[in-house]
Chemist: 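I am attaching a structure below and will ask some questions about it afterwards.
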Amino acid sequence: MITIVDTSLRDGMSSVSHKFTPEQVGAVARGLDQAGVRVIEVAHGIGIGASSIQYGLAAATDIEYVQAAVAAVDRADIAVLYVPGISTLATLDAVRDAGANTVRVATHCTEADCAEQPIRHARERGMRVMSFLMMSHKLEPAALAKQAAKLDSYGAQVIYVVDSAGALVPGSAGARVAALRDAVHADIGFHAHNNLGVGIGNALAAVENGATYIDGSLRGLGASAGNAQTEVLAAALERAGHPPRVDVFALIEVAENIIAPLMNEPQIIDETALLLGYSGLYSTFFHPAKRAAGKYGVPVRDLLLELGRREVIGGQEDMIIDVAAELSSRGRCEQ
(Lines give C-alpha, C1' and ligand atoms only; values in the text may rest on other atoms or scores of the structure.)
Protein backbone atom coordinates (compact mmCIF):
# COMPACT_ATOMS: atom_id res chain seq x y z
CA MET A 1 0.00 0.00 0.00
CA ILE A 2 1.52 3.30 -1.14
CA THR A 3 1.22 6.52 0.88
CA ILE A 4 1.97 9.79 -0.87
CA VAL A 5 3.40 12.45 1.43
CA ASP A 6 3.06 15.94 0.03
CA THR A 7 5.81 18.40 0.86
CA SER A 8 4.67 21.42 -1.17
CA LEU A 9 4.26 23.43 2.02
CA ARG A 10 7.73 22.63 3.38
CA ASP A 11 10.24 21.79 0.64
CA GLY A 12 8.18 23.99 -1.66
CA MET A 13 8.79 26.91 0.68
CA SER A 14 12.35 27.08 -0.71
CA SER A 15 10.94 28.05 -4.11
CA VAL A 16 8.95 30.97 -2.73
CA SER A 17 11.57 32.29 -0.26
CA HIS A 18 9.51 30.79 2.62
CA LYS A 19 6.78 33.38 2.00
CA PHE A 20 3.60 31.31 1.89
CA THR A 21 1.08 32.89 4.23
CA PRO A 22 -0.98 30.86 6.72
CA GLU A 23 -4.02 31.50 4.55
CA GLN A 24 -2.26 30.05 1.51
CA VAL A 25 -1.04 27.09 3.56
CA GLY A 26 -4.62 26.45 4.65
CA ALA A 27 -5.93 26.57 1.08
CA VAL A 28 -3.32 24.13 -0.23
CA ALA A 29 -3.70 21.78 2.74
CA ARG A 30 -7.48 21.76 2.30
CA GLY A 31 -7.15 20.83 -1.36
CA LEU A 32 -4.64 18.07 -0.64
CA ASP A 33 -6.83 16.67 2.12
CA GLN A 34 -9.88 16.61 -0.14
CA ALA A 35 -7.80 14.84 -2.80
CA GLY A 36 -6.99 12.06 -0.35
CA VAL A 37 -3.42 12.93 0.65
CA ARG A 38 -3.01 11.65 4.19
CA VAL A 39 0.33 13.22 5.23
CA ILE A 40 1.03 16.91 4.54
CA GLU A 41 4.35 18.47 5.57
CA VAL A 42 4.39 22.17 6.47
CA ALA A 43 6.63 24.92 7.95
CA HIS A 44 9.92 26.59 6.96
CA GLY A 45 11.72 24.99 4.03
CA ILE A 46 14.79 24.09 6.10
CA GLY A 47 12.73 22.78 9.00
CA ILE A 48 11.09 24.03 12.16
CA GLY A 49 13.07 26.73 13.92
CA ALA A 50 14.95 27.72 10.76
CA SER A 51 13.33 31.11 10.09
CA SER A 52 16.31 33.45 10.36
CA ILE A 53 18.52 35.79 8.37
CA GLN A 54 20.84 32.85 7.72
CA TYR A 55 18.21 30.47 6.30
CA GLY A 56 15.59 32.98 5.20
CA LEU A 57 12.85 34.69 7.18
CA ALA A 58 9.44 33.08 6.75
CA ALA A 59 6.19 35.01 6.38
CA ALA A 60 4.81 33.42 9.56
CA THR A 61 5.89 31.22 12.45
CA ASP A 62 6.02 27.43 12.33
CA ILE A 63 3.18 27.34 14.86
CA GLU A 64 1.02 29.57 12.67
CA TYR A 65 1.67 27.37 9.64
CA VAL A 66 0.84 24.20 11.55
CA GLN A 67 -2.32 25.72 13.02
CA ALA A 68 -3.47 26.85 9.58
CA ALA A 69 -2.95 23.39 8.11
CA VAL A 70 -4.57 21.58 11.04
CA ALA A 71 -7.62 23.83 10.83
CA ALA A 72 -7.98 23.19 7.09
CA VAL A 73 -7.95 19.38 7.03
CA ASP A 74 -10.41 16.74 8.10
CA ARG A 75 -8.35 13.56 7.75
CA ALA A 76 -4.74 14.30 6.87
CA ASP A 77 -1.89 14.18 9.36
CA ILE A 78 0.24 17.32 9.57
CA ALA A 79 4.00 16.72 9.59
CA VAL A 80 7.01 18.93 10.28
CA LEU A 81 10.72 18.59 9.50
CA TYR A 82 13.23 18.50 12.37
CA VAL A 83 16.93 19.03 11.64
CA PRO A 84 19.22 18.52 14.66
CA GLY A 85 21.31 21.64 15.19
CA ILE A 86 18.63 23.87 13.66
CA SER A 87 15.46 22.61 15.31
CA THR A 88 15.10 22.17 19.07
CA LEU A 89 13.04 19.87 21.25
CA ALA A 90 11.20 22.89 22.61
CA THR A 91 10.22 23.90 19.07
CA LEU A 92 9.08 20.35 18.38
CA ASP A 93 6.91 20.35 21.50
CA ALA A 94 5.39 23.68 20.46
CA VAL A 95 4.35 22.49 17.00
CA ARG A 96 3.05 19.25 18.49
CA ASP A 97 0.88 21.29 20.84
CA ALA A 98 -0.30 23.23 17.77
CA GLY A 99 -1.51 20.00 16.16
CA ALA A 100 1.38 18.41 14.27
CA ASN A 101 1.30 14.67 14.89
CA THR A 102 4.16 13.53 12.63
CA VAL A 103 7.80 14.59 12.66
CA ARG A 104 10.41 13.87 10.01
CA VAL A 105 13.87 13.89 11.63
CA ALA A 106 16.56 14.65 9.04
CA THR A 107 20.29 13.99 9.34
CA HIS A 108 23.14 13.66 6.89
CA CYS A 109 23.35 10.03 5.74
CA THR A 110 26.50 9.35 7.78
CA GLU A 111 25.16 10.91 11.00
CA ALA A 112 22.12 8.82 11.97
CA ASP A 113 23.21 8.88 15.61
CA CYS A 114 22.32 12.59 15.74
CA ALA A 115 18.66 11.59 15.33
CA GLU A 116 18.42 9.44 18.46
CA GLN A 117 17.36 12.15 20.90
CA PRO A 118 14.58 13.74 18.79
CA ILE A 119 13.27 10.34 17.66
CA ARG A 120 12.97 9.03 21.20
CA HIS A 121 11.57 12.36 22.42
CA ALA A 122 8.87 12.40 19.74
CA ARG A 123 7.91 8.75 20.23
CA GLU A 124 7.55 9.27 23.99
CA ARG A 125 5.07 12.05 23.21
CA GLY A 126 2.98 9.98 20.86
CA MET A 127 4.16 11.40 17.56
CA ARG A 128 4.69 9.32 14.45
CA VAL A 129 8.37 9.50 13.47
CA MET A 130 9.77 9.38 9.97
CA SER A 131 13.54 9.74 9.64
CA PHE A 132 15.52 11.12 6.70
CA LEU A 133 18.95 9.96 5.54
CA MET A 134 19.81 13.04 3.52
CA MET A 135 22.29 13.06 0.65
CA SER A 136 21.82 9.28 0.39
CA HIS A 137 23.89 9.15 -2.80
CA LYS A 138 26.99 9.73 -0.64
CA LEU A 139 26.86 6.17 0.75
CA GLU A 140 26.74 2.86 -1.06
CA PRO A 141 23.63 0.76 -0.31
CA ALA A 142 25.19 -1.49 2.37
CA ALA A 143 26.69 1.43 4.29
CA LEU A 144 23.42 3.37 4.03
CA ALA A 145 21.55 0.36 5.41
CA LYS A 146 23.81 0.34 8.48
CA GLN A 147 22.86 3.93 9.18
CA ALA A 148 19.19 3.05 8.69
CA ALA A 149 19.52 0.23 11.22
CA LYS A 150 20.48 2.82 13.85
CA LEU A 151 17.34 4.82 13.11
CA ASP A 152 15.32 1.62 13.33
CA SER A 153 16.76 0.89 16.77
CA TYR A 154 15.85 4.39 18.00
CA GLY A 155 12.21 3.87 17.07
CA ALA A 156 11.75 5.52 13.66
CA GLN A 157 8.60 4.13 12.04
CA VAL A 158 9.48 5.17 8.49
CA ILE A 159 13.06 5.52 7.23
CA TYR A 160 13.72 7.49 4.07
CA VAL A 161 16.28 7.32 1.33
CA VAL A 162 16.54 11.05 0.57
CA ASP A 163 18.06 12.18 -2.71
CA SER A 164 18.79 15.70 -1.47
CA ALA A 165 21.03 16.49 -4.44
CA GLY A 166 18.91 14.85 -7.12
CA ALA A 167 22.02 12.82 -7.94
CA LEU A 168 20.49 9.34 -8.06
CA VAL A 169 19.12 7.54 -11.10
CA PRO A 170 16.56 4.69 -11.00
CA GLY A 171 19.09 1.89 -10.58
CA SER A 172 20.98 3.54 -7.74
CA ALA A 173 17.78 4.74 -6.07
CA GLY A 174 16.24 1.27 -6.19
CA ALA A 175 19.40 -0.38 -4.86
CA ARG A 176 19.43 1.85 -1.79
CA VAL A 177 15.78 1.23 -1.04
CA ALA A 178 16.27 -2.52 -1.43
CA ALA A 179 19.23 -2.46 0.97
CA LEU A 180 17.16 -0.66 3.60
CA ARG A 181 14.22 -2.97 3.05
CA ASP A 182 16.42 -5.95 3.97
CA ALA A 183 17.98 -4.23 7.00
CA VAL A 184 15.16 -2.69 9.04
CA HIS A 185 11.70 -3.39 10.42
CA ALA A 186 10.43 0.14 9.73
CA ASP A 187 8.59 1.11 6.56
CA ILE A 188 10.76 2.63 3.82
CA GLY A 189 10.24 6.01 2.20
CA PHE A 190 11.79 7.83 -0.73
CA HIS A 191 12.20 11.57 -1.31
CA ALA A 192 13.27 12.62 -4.80
CA HIS A 193 14.73 15.78 -6.24
CA ASN A 194 14.54 16.23 -9.98
CA ASN A 195 17.95 17.68 -10.88
CA LEU A 196 18.69 14.96 -13.43
CA GLY A 197 15.09 14.82 -14.66
CA VAL A 198 14.39 11.38 -13.17
CA GLY A 199 12.52 12.24 -9.97
CA ILE A 200 9.40 10.31 -11.01
CA GLY A 201 11.48 7.43 -12.40
CA ASN A 202 13.42 7.22 -9.14
CA ALA A 203 10.19 7.20 -7.13
CA LEU A 204 8.81 4.36 -9.26
CA ALA A 205 12.06 2.42 -8.82
CA ALA A 206 11.81 2.97 -5.08
CA VAL A 207 8.30 1.52 -5.01
CA GLU A 208 9.37 -1.46 -7.10
CA ASN A 209 12.06 -2.15 -4.50
CA GLY A 210 9.83 -1.92 -1.45
CA ALA A 211 9.26 1.73 -0.53
CA THR A 212 5.73 2.43 0.66
CA TYR A 213 6.00 6.15 1.52
CA ILE A 214 6.77 8.42 -1.43
CA ASP A 215 7.22 12.19 -1.27
CA GLY A 216 6.04 14.65 -3.86
CA SER A 217 5.16 18.31 -4.22
CA LEU A 218 2.53 19.95 -6.39
CA ARG A 219 3.98 21.31 -9.62
CA GLY A 220 7.29 19.86 -8.39
CA LEU A 221 7.71 22.85 -6.08
CA GLY A 222 10.91 22.50 -4.05
CA ALA A 223 14.55 23.37 -3.62
CA SER A 224 16.65 23.76 -6.81
CA ALA A 225 15.06 21.59 -9.53
CA GLY A 226 12.21 20.68 -7.20
CA ASN A 227 10.73 17.37 -6.17
CA ALA A 228 8.83 14.57 -7.82
CA GLN A 229 5.61 16.28 -8.93
CA THR A 230 2.76 15.03 -6.74
CA GLU A 231 0.03 15.00 -9.36
CA VAL A 232 2.32 13.35 -11.93
CA LEU A 233 3.58 10.91 -9.32
CA ALA A 234 0.04 9.85 -8.46
CA ALA A 235 -0.82 9.26 -12.11
CA ALA A 236 2.41 7.38 -12.79
CA LEU A 237 1.95 5.14 -9.74
CA GLU A 238 -1.56 4.32 -10.86
CA ARG A 239 -0.40 3.44 -14.38
CA ALA A 240 2.44 1.34 -12.93
CA GLY A 241 -0.02 -0.78 -10.95
CA HIS A 242 0.62 0.82 -7.55
CA PRO A 243 -2.59 2.77 -6.78
CA PRO A 244 -1.73 5.60 -4.38
CA ARG A 245 -5.29 5.97 -2.99
CA VAL A 246 -5.64 9.60 -4.00
CA ASP A 247 -7.82 11.44 -6.52
CA VAL A 248 -5.47 12.28 -9.39
CA PHE A 249 -7.87 14.77 -10.95
CA ALA A 250 -8.41 16.58 -7.63
CA LEU A 251 -4.63 16.87 -7.25
CA ILE A 252 -4.38 18.36 -10.73
CA GLU A 253 -7.02 20.93 -9.76
CA VAL A 254 -5.09 21.97 -6.65
CA ALA A 255 -1.86 22.19 -8.65
CA GLU A 256 -3.42 24.24 -11.45
CA ASN A 257 -5.74 26.52 -9.49
CA ILE A 258 -4.05 27.03 -6.12
CA ILE A 259 -0.32 26.31 -6.37
CA ALA A 260 0.44 27.60 -9.89
CA PRO A 261 -0.75 31.18 -9.18
CA LEU A 262 1.48 31.27 -6.08
CA MET A 263 4.69 30.32 -7.90
CA ASN A 264 7.25 32.99 -8.65
CA GLU A 265 8.35 31.12 -11.79
CA PRO A 266 7.97 27.63 -13.28
CA GLN A 267 9.97 24.88 -11.60
CA ILE A 268 12.59 24.03 -14.22
CA ILE A 269 15.96 22.32 -14.48
CA ASP A 270 18.28 25.19 -15.34
CA GLU A 271 22.08 25.09 -15.49
CA THR A 272 22.54 25.52 -11.74
CA ALA A 273 19.95 22.89 -10.81
CA LEU A 274 21.38 20.40 -13.27
CA LEU A 275 24.95 20.94 -12.07
CA LEU A 276 23.89 20.50 -8.45
CA GLY A 277 22.63 17.02 -9.33
CA TYR A 278 25.57 16.23 -11.57
CA SER A 279 28.03 17.33 -8.86
CA GLY A 280 26.08 15.71 -6.02
CA LEU A 281 25.53 18.94 -4.11
CA TYR A 282 22.75 19.77 -1.66
CA SER A 283 19.72 21.29 -3.40
CA THR A 284 19.54 24.27 -1.05
CA PHE A 285 22.88 25.48 -2.48
CA PHE A 286 20.87 26.66 -5.51
CA HIS A 287 20.38 30.34 -4.62
CA PRO A 288 23.59 30.83 -2.57
CA ALA A 289 25.67 29.45 -5.45
CA LYS A 290 24.04 31.75 -7.97
CA ARG A 291 24.57 34.76 -5.72
CA ALA A 292 28.20 33.88 -5.00
CA ALA A 293 29.00 33.29 -8.68
CA GLY A 294 27.55 36.68 -9.57
CA LYS A 295 29.24 38.51 -6.71
CA TYR A 296 32.71 37.13 -7.43
CA GLY A 297 32.40 37.05 -11.21
CA VAL A 298 33.03 33.33 -11.66
CA PRO A 299 31.07 30.88 -13.81
CA VAL A 300 28.51 29.03 -11.72
CA ARG A 301 29.63 25.85 -13.48
CA ASP A 302 33.20 26.21 -12.22
CA LEU A 303 31.97 26.99 -8.72
CA LEU A 304 29.64 24.00 -8.48
CA LEU A 305 32.08 21.53 -10.01
CA GLU A 306 34.75 22.63 -7.52
CA LEU A 307 32.34 22.37 -4.59
CA GLY A 308 31.41 18.91 -5.79
CA ARG A 309 35.07 17.91 -6.06
CA ARG A 310 35.53 18.96 -2.44
CA GLU A 311 32.41 16.96 -1.46
CA VAL A 312 30.83 19.88 0.35
CA ILE A 313 27.61 18.95 2.19
CA GLY A 314 24.70 20.73 3.87
CA GLY A 315 25.90 22.77 6.81
CA GLN A 316 29.00 23.90 4.91
CA GLU A 317 27.31 26.75 3.08
CA ASP A 318 30.15 29.07 4.04
CA MET A 319 32.33 27.10 1.64
CA ILE A 320 30.32 28.46 -1.28
CA ILE A 321 31.66 31.95 -0.59
CA ASP A 322 35.16 30.67 0.19
CA VAL A 323 35.44 28.70 -3.04
CA ALA A 324 33.93 31.49 -5.15
CA ALA A 325 36.46 33.96 -3.72
CA GLU A 326 39.30 31.51 -4.30
CA LEU A 327 38.29 30.91 -7.92
CA SER A 328 37.96 34.64 -8.50
CA SER A 329 41.41 35.29 -7.06
CA ARG A 330 42.90 32.46 -9.07
CA GLY A 331 41.36 33.85 -12.24
CA ARG A 332 42.83 37.30 -11.64
CA CYS A 333 46.28 35.81 -11.04
CA GLU A 334 46.12 33.91 -14.33
CA GLN A 335 45.28 37.02 -16.33
Chemist: Going by an N to O cut-off under 4.0 Å, is there a salt bridge joining Arg120 and Glu124?
Modeler: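 Not counted as a salt bridge, because no side-chain N and carboxylate O are separated by less than 4.0 Å.
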Chemist: Only one of Gln147, His108, Lys138 clears side chain to side chain contact (heavy atoms under 4.5 Å, CB included) with Leu133; which?
Modeler: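 Result: among Gln147, His108, Lys138, Gln147 is the only option passing the side chain to side chain contact (heavy atoms under 4.5 Å, CB included) with Leu133.
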Chemist: Look only at the side chain of Asp152 and the backbone of Val184, and say whether a donor-acceptor pair between them is shorter than 3.5 Å.
Modeler: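 No, because the side chain of Asp152 does not come within donor-acceptor range (under 3.5 Å) of the backbone of Val184.
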Chemist: Tell me, with the steps shown, if Arg301 and Thr272 meet side chain to side chain donor-acceptor pair (under 3.5 Å).
Modeler: CA-CA 7 Å; Arg301 178 189 304 177; Thr272 304; over 6 Å; no
Chemist: Within the distance-only criterion (no hydrogens, no angle test), does the side chain of Asn101 pair as donor or acceptor with the backbone N or O of Ala79 below 3.5 angstrom?
Modeler: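 No; zero donor-acceptor contacts below 3.5 Å.
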Chemist: Are Glu208 and Arg181 within salt-bridge range, i.e. N to O under 4.0 Å?
Modeler: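 No, no charged N to carboxylate O under 4.0 Å.
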Chemist: For Gln117, look at atom CD and say whether over 12 heavy atoms of other residues, nucleotides or ligands are found less than 6.0 Å away.
Modeler: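 Incorrect, the count does not exceed 12.
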Chemist: Under the ring pair (Phe, Tyr, Trp, His ring centres under 6.0 Å) definition, can you give me all pairs with a residue in residues 195-221, not counting sequence neighbours?
Modeler: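 Output for this query is empty, none listed.
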Chemist: Where the side chain of Lys150 meets the backbone of Ala115, is there a donor-acceptor pair that is under 3.5 Å apart?
Modeler: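 Not confirmed, Lys150 side chain does not pair with Ala115 backbone.
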Chemist: Would you call Asp77 and Arg38 a salt bridge, taking side-chain N to carboxylate O under 4.0 Å as the test?
Modeler: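 Here Asp77 does not pair with Arg38 in a salt bridge, since their nearest N and O are not under 4.0 Å apart.
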Chemist: Closer than 3.5 angstrom, by distance alone: can the side chain of Ser328 be matched with the main-chain N or O of Tyr296 as a donor-acceptor pair?
Modeler: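 At least one qualifying donor-acceptor pair exists.
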Chemist: Could you walk me through whether Leu303 and Ile320 pass side-chain contact (heavy atoms from CB on, under 4.5 Å), step by step?
Modeler: CA-CA 8 Å; Leu303 173 58; Ile320 299 172; 4.2 Å; yes
Chemist: Using 30° and 60° as the class limits, which term best fits the ring planes of Phe285 and Tyr282: parallel, tilted or perpendicular?
Modeler: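 If you compare the ring of Phe285 with that of Tyr282, the planes turn out perpendicular.
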Chemist: Can you confirm if the NZ or CZ of Arg104 lies within 45° of the ring axis of Tyr160 and under 6.0 Å from the centre of its six-membered ring?
Modeler: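 Flagged: Arg104 positioned over aromatic ring of Tyr160.
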Chemist: Look at the side chain of Asn194 and the backbone N and O of Gly199, then say whether any donor-acceptor pair between them is shorter than 3.5 Å.
Modeler: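 Judged by distance alone, yes, a pair lies under 3.5 Å.
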Chemist: So, using ring-ring contact (aromatic ring centres under 6.0 Å, His included) as the criterion, who are the partners of His44 when residues are at least two apart?
Modeler: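 With sequence neighbours excluded, His44 shows a ring-ring contact (aromatic ring centres under 6.0 Å, His included) to His18, given in chain and number order.
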Chemist: Tell me whether the count of non-hydrogen atoms from other residues, nucleotides or ligands lying under 6.0 Å of CD in Glu238 goes above 12.
Modeler: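 12 or below, so no.
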Chemist: Between CE of Met135 and OG1 of Thr107, what distance do you get to the nearest 0.5 Å?
Modeler: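 One finds 12.5 Å between CE of Met135 and OG1 of Thr107.
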Chemist: Any donor-acceptor pair under 3.5 Å linking the side chain of Asn227 with the backbone of Ala192?
Modeler: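 The answer is yes, because a donor-acceptor pair under 3.5 Å joins these two groups.
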Chemist: Going by atom types only, do Ser8 and Arg219 share a side-chain donor-acceptor pair under 3.5 Å?
Modeler: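 Note: Ser8 and Arg219 side chains miss the donor-acceptor criterion.
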